[in-house]
Amino acid sequence: MVAGNTLKLVDCGANQVMVQSNILVCTYLKSGAEELREAFSTWCKRLNIEGVDYSSVKFKTIHAEVYDVLKQLGVNVDILENTSSIIRDTMNAFSVRSVQSVSRSLTVEEVSDMSCIFTYCRNRLDSKKYEHSLMGEFALNALKLDLMLSDFKTRRAVTGKLDYEDLQELLLEGLKINPDVRRFVANRYDYVYVDEFQDTSQLQYELFKYYFENKKRVIAIGDDDDLAFGRLV
């Protein structure tokens with residue numbers, strides 16, 4: 001086990017001095033991060049590990065970590081929690097509907113499906129960004145999708161808030177052009193553990209690369225049979 005303070009391993013009958021470390025345990029969902037935190041605490045108790053400095057072990061989603069980094073870098077971050085109404089306005093502006101729709105107005109399902117398309121496209125960094133399985137449902141091509149995403153971005157900007165993809169894109173841009181930002185991120189943690197790695201998007205993987213620099217240990221746990229992992233390749 002690793003922790004931020006000296007730990008007493010009672011079951012071993014010996015004292016072990018652990019190096020002061022900052023540890024990131026990252027997963028896809030907030031509920032998953034909370035479950036990992038509870039599991040960590042449970043196993044510390046089962047193994048009679050005392051004196052754990054929980055402040056040095058951060059259990060977070062990637063979105064929460066990106067948010068914290070931007071805040072610490074002095075970026076004013078105001079989260080746009082729900083973009084459904086903006087997506088609906090963009091779809092109406094481009095007269096985009098499901099080819100199977102029989103309703104006069106956009107349905108909640110149509111808006112939800114378009115949200116999935118937008119998120120998928122924004123999280124991919126290759127040409128497959130235009131190959132979401134639902135694009136045919138809305139008769140979308142790459143050009144029209146790009147125009148809709150541009151409109152969606154303009155409408156978000158009017159609110160003065162950022163959604164979670166905006167946060168990731170903003171941090172990645174800073175990492176690419178500013179060495180100070182890169183050093184700040186690279187030095188945040190000594191150990192990085194990523195759970196549910198198959199759910200990591202290409203954009204998120206690019207962010208993780210900066211976190212992985214100069215680490216003592218990086219562990220990624222995921223299902224290599226899950227096709228969602230194909231987002232990285």
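Values below: all heavy atoms of this structure, side chains included; hydrogens, waters and symmetry mates excluded.
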Nearest 0.5 angstrom please: [X] [atom1] to [Y] [atom2], how far?
X      : Y      : atom1 : atom2 : value
Leu203 : Thr119 : CG    : OG1   : 11.5 Å
Leu207 : Phe212 : CG    : CZ    : 10.5 Å
Leu175 : Asp180 : CG    : CG    : 11.5 Å
Leu162 : Ile79  : CG    : CD1   : 6.5 Å
Asn82  : Leu80  : CG    : CG    : 7.5 Å
Phe152 : Ile87  : CZ    : CD1   : 4.5 Å

In terms of hydrophobic clusters joined by side-chain contacts under 4.5 Å, are [X] and [Y] together?
X      : Y      : answer
Tyr130 : Val96  : yes
Val194 : Leu167 : yes
Leu140 : Tyr120 : no
Leu172 : Val77  : yes
Leu143 : Leu145 : yes

[X] side chain to [Y] main-chain N or O, any donor-acceptor pair under 3.5 Å?
X      : Y      : value
Asn178 : Gly174 : no
Arg97  : Ser103 : yes
Asp151 : Leu147 : no
Asn22  : Asp190 : no
Ser201 : Gln204 : yes

Just checking [X]: does its [atom1] atom have more than 12 heavy atoms from other residues, nucleotides or ligands closer to it than 6.0 angstrom?
X      : atom1 : answer
Lys176 : NZ    : no
Asn141 : CG    : yes
Glu213 : CD    : yes

If you compare all heavy atoms of [X] against all heavy atoms of [Y], which two are closest, and at what distance to 0.1 Å?
X      : Y      : value
Tyr193 : Arg217 : OH-CD, 4.2 Å
Ile62  : Cys26  : N-SG, 3.5 Å
Thr159 : Arg156 : OG1-O, 2.5 Å
Gln198 : Ile221 : OE1-O, 4.4 Å

Do the ring planes of Phe208 and Tyr211 sit parallel (below 30°), tilted (30 to 60°) or perpendicular (above 60°)?
perpendicular
Taking only residues two or more places apart in sequence, or in another chain, which ones meet Tyr210 in a ring pair (Phe, Tyr, Trp, His ring centres under 6.0 Å)?
none
Validation row: Leu171, Val181 side chains within 4.5 angstrom (heavy atoms)
yes
Does Met91 form a side chain to side chain contact (heavy atoms under 4.5 Å, CB included) with Met148? I'd like the steps, not just the answer.
CA-CA 8 Å; Met91 293 177 71; Met148 291 181 69; 4.1 Å; yes
What pairs with His63 under side-chain hydrogen bond (donor to acceptor under 3.5 Å, both in side chains), at least two apart in sequence or on another chain?
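Testing His63 for side-chain hydrogen bond (donor to acceptor under 3.5 Å, both in side chains), a comparison that skips the adjacent residues, returns Gln168.
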I'd like to know whether Asp195 forms a side chain to side chain contact (heavy atoms under 4.5 Å, CB included) with Val25, so could you lay out the CA-CA distance, the side-chain angles of the two residues, the decisive distance to 0.1 Å, and finally the verdict.
CA-CA 7 Å; Asp195 193 32; Val25 181; 5.8 Å; no
Taking only distance into account, with no hydrogens and no angle test, what donor-acceptor pairs under 3.5 Å do side-chain atoms of residues 111-118 form with protein atoms, sequence neighbours excluded?
none

Could you check whether Asp166 pairs with Arg122 (Lys NZ or Arg NE/NH1/NH2 to Asp/Glu carboxylate O, under 4.0 Å)?
yes
Tell me whether Glu206 is salt-bridged to Lys209, with the criterion being a basic N under 4.0 Å from an acidic carboxylate O.
yes
So salt bridge (charged side-chain N to carboxylate O under 4.0 Å, His left out) across residues 61-74, not counting sequence neighbours, yields Lys60-Glu65, Lys60-Asp68, Glu65-Arg188
If you group Ile, Leu, Val, Met, Phe, Trp and Tyr whenever their side-chain heavy atoms sit less than 4.5 Å apart, what else falls in with Val99?
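Via sub-4.5 Å side-chain contacts, Val99 links to none.
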Steps toward side chain to side chain contact (heavy atoms under 4.5 Å, CB included) verdict (Tyr205, Phe197):
CA-CA 9 Å; Tyr205 183 53; Phe197 193 63; 3.8 Å; yes
Applying the side chain to side chain donor-acceptor pair (under 3.5 Å) criterion to Asn123, which one of Glu165, Gln202, Glu169 satisfies it?
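Result for side chain to side chain donor-acceptor pair (under 3.5 Å) with Asn123: Glu165.
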With sequence neighbours left out, the residues meeting side chain to side chain contact (heavy atoms under 4.5 Å, CB included) with Ser98 are Gln100, Ser101, Glu110, Glu137, Phe138
Does Ile219 form a side chain to side chain contact (heavy atoms under 4.5 Å, CB included) with Tyr191? I'd like the steps, not just the answer.
CA-CA 8 Å; Ile219 296 178; Tyr191 299 85; over 6 Å; no
